[in-house]
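Report on the structure given below.
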Amino acid sequence: MNISRREILLLVPAAAIAWDFVLAGNPEAAPNYTMSEHWWGMLLDITKCIGCGSCVRACATENDVPEGYFRTWVERYHVSDWHIEAPQVDSPEGGKDGFPPSSMTGGKNFFVPKLCNHCTDSPCTQVCPVGATFHTPDGVVLVDQNYCLGCRYCVQACPYGCRYFHPTKQVADKCTLCYHRITKGLTTACCEVCPTGARQLADLKNPNDPIHAYLKTHNVQVLKPHLATGAKMFYSCLDGSVR
Amino acid sequence: MGKFKDSSYLLRLAALFAVGLIAFIAIRAAVIPKSFGQYGPYRGKALTEITARPLSYAGHEVCEGCHPDVYELKSKGAHAHVNCESCHGPQANHADDPGTVKPQLPDVAKLCVGCHSENIAKPASFPQVNAQEHSSRQPCNTCHKPHSPRFYGGDKK
């Protein structure tokens, strides 16, 4: 076969453009779900959390979270009567199997469930050098595991410690707010199993969502508000000692 | 011609530059995924891949569709706000194929104390027991129906 230089120069770009379409497939969101109509967050009521660890177990099952890593976990706080700036916190196995009886007496004791805050202005997405972690139009921070290089910048950047490096996939991993569930009209696995309703998924763009009435009438706070991350995990009755 | 007597060198350089430019455009088109930039500076198709993940938890609405009697009983009791899969575990497989995939009954000895064992950090209003003292090691469902857990004194119905 004889191909002239001129023909090669014409064929190579044409092949490149064709390959582009082969790779791309047909991107489409889930049916009956319009991303621009949602803005997801969560309400976490400290006064209802009993530290049973159901959320941690359900999350691990639903999302194949590797052993010893957590997309959500529960912390037990003990704040002594006089030293309120130095709480004692424990979270054995992320609270997965509940908490043993506390040796603490007196003071203030409570559980704090934690997960990715799905920040509006998240530090973790800003540091990604390849665009592998991003905000969806409906307000969820996700990781594209086929695009992630595994540089771990985002793991360090998260001020809430919500990301981990997946030990076998060798990419950054985190809470997806059960994106595969909420786009199908279901709630997240952790909210589904929470026996006391301490966690409630909230759609801030839905005017009928009970979150709006709740936010108007309750004391609600986000974690580390001074970092201006635009966190969307709203904690009800959060103690000032929680970091 | 006298002015640029070495113009062939310049032409060769220009041709090299043109080839480089075409190669750059071709490689760039090949390595950037088609859906990059669809919603923002990331691969839009990643959303499709993430939403394609299979479910483990079916959701309580699915359970209530086939088990309205249990839902009825539960909705009148103290466990009204506890969803089915909170105790029965992930049941999406059972919901997809109820005939062949049968759920295991939860072990009450571990299940109940998971929530109701005493702990100083639990809200004071939450019913808590010291399992050893409370029931002298009898299973909880000797006296309590899990779906409607008020004390009923041992009638197993």
Side-chain angles (χ1 to χ4, degrees), chain A residues 9 12-13 15-17 19-21 23-25 27-30 35 47-54 58 61-63 76-78 97-99 101-102 104-105 109-111 131-137 142-147 176 179-181 183-184 186-187 189 192-197, chain B residues 18-19 22-23 25-62 79 81-90 92 110 113-123 125-126 128 130:
Chain A
L9 285 178
V12 166
I17 289 164
W19 181 241
D20 204 14
F21 283 93
L23 283 180
E28 55 181 19
M35 281 189 282
T47 60
K48 286 184 179 172
C49 183
I50 56 168
C52 63
S54 296
T61 310
E62 180 74 33
N63 298 297
R76 176 167 60 184
Y77 272 69
H78 168 79
D97 305 311
F99 288 78
S102 175
M104 303 296 177
T105 49
N109 300 277
F110 52 91
F111 295 107
T133 183
F134 52 85
H135 298 263
T136 64
L142 294 176
V143 178
D144 179 352
Q145 298 205 326
N146 294 325
Y147 221 62
T176 62
Y179 200 66
H180 60 298
R181 297 178 62 86
T183 50
K184 295 183 182 79
L186 295 164
T187 187
E192 177 68 35
V193 301
C194 180
T196 59
Chain B
V19 168
I22 289 169
I25 291 169
I27 292 169
R28 189 177 183 277
V31 297
I32 294 182
K34 181 74 186 153
S35 63
F36 201 93
Q38 187 186 8
Y39 305 115
Y42 56 90
R43 211 168 56 95
K45 196 158 178 272
L47 297 188
T48 323
E49 292 165 10
I50 291 167
T51 33
R53 195 186 160 73
L55 301 177
S56 295
Y57 287 83
H60 60 101
E61 290 93 348
V62 177
H79 279 169
H81 52 277
V82 183
N83 288 335
C84 314
E85 287 164 309
S86 190
C87 301
H88 291 279
K110 288 178 189 158
V113 293
C115 289
H116 291 288
S117 60
E118 269 181 339
N119 199 307
I120 191 171
K122 284 182 186 176
S125 59
F126 185 76
Q128 303 164 49
N130 183 325

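Within every chain, numbering begins at 1; the chains are lettered A, B, ... in the order of the sequence lines, protein sequences first and strands thereafter. These figures come from a predicted structure and were not determined experimentally.
Using modelled atom types, one side-chain atom of Arg53(B) and one backbone atom of Glu62(A) make a donor-acceptor pair closer than 3.5 Å. The main-chain N or O of Val193(A) is never found under 3.5 Å from a side-chain atom of Glu85(B) such that the two would form a donor-acceptor pair. The backbone N or O of Thr51(B) sits less than 3.5 Å from a side-chain atom of Lys184(A), completing a donor-acceptor pair. Between the side chain of Glu192(A) and the backbone N or O of Tyr57(B), no donor-acceptor pair lies under 3.5 Å.
Considering only heavy atoms from C-beta on, Asn119(B) comes within 4.5 Å of Arg76(A) through its side chain. The closest side-chain heavy-atom distance from Ile22(B) to Val12(A) is not below 4.5 Å. Side-chain contact between His135(A) and Tyr42(B) is absent, with no heavy-atom pair separated by less than 4.5 Å.
Heavy atoms closer than 4.5 Å to chain A are found in the side chain of Glu49(B), but not in its backbone. For Val19(B), the part lying near chain A is the side chain, with the backbone staying farther off; criterion is any non-hydrogen pair under 4.5 Å. In this structure, chain A has a heavy atom under 4.5 Å from the side chain of Pro90(B), while its backbone stays farther away. Heavy atoms of Ile50(A) lying under 4.5 Å from chain B belong to its backbone as well as its side chain. With a 4.5 angstrom heavy-atom cutoff, Ile50(B) touches chain A via backbone and side-chain atoms both. With a 4.5 angstrom heavy-atom cutoff, Phe126(B) touches chain A only via side-chain atoms.
Glu61(B) is linked by a side-chain contact (heavy atoms from CB on, under 4.5 Å) to nothing, counting only residues two or more places apart in sequence or in another chain.
Relative orientation of the Tyr147(A) and Phe36(B) rings is tilted, given thresholds of 30° and 60° on the angle between their planes.
The candidate with the highest count of non-hydrogen atom pairs below 4.5 Å against chain B, out of Pro195(A), Cys49(A), Cys52(A), is Pro195(A). Comparing Thr105(A), Asn109(A), Thr47(A) by how many heavy-atom pairs each has under 4.5 Å with chain B, the most go to Asn109(A).
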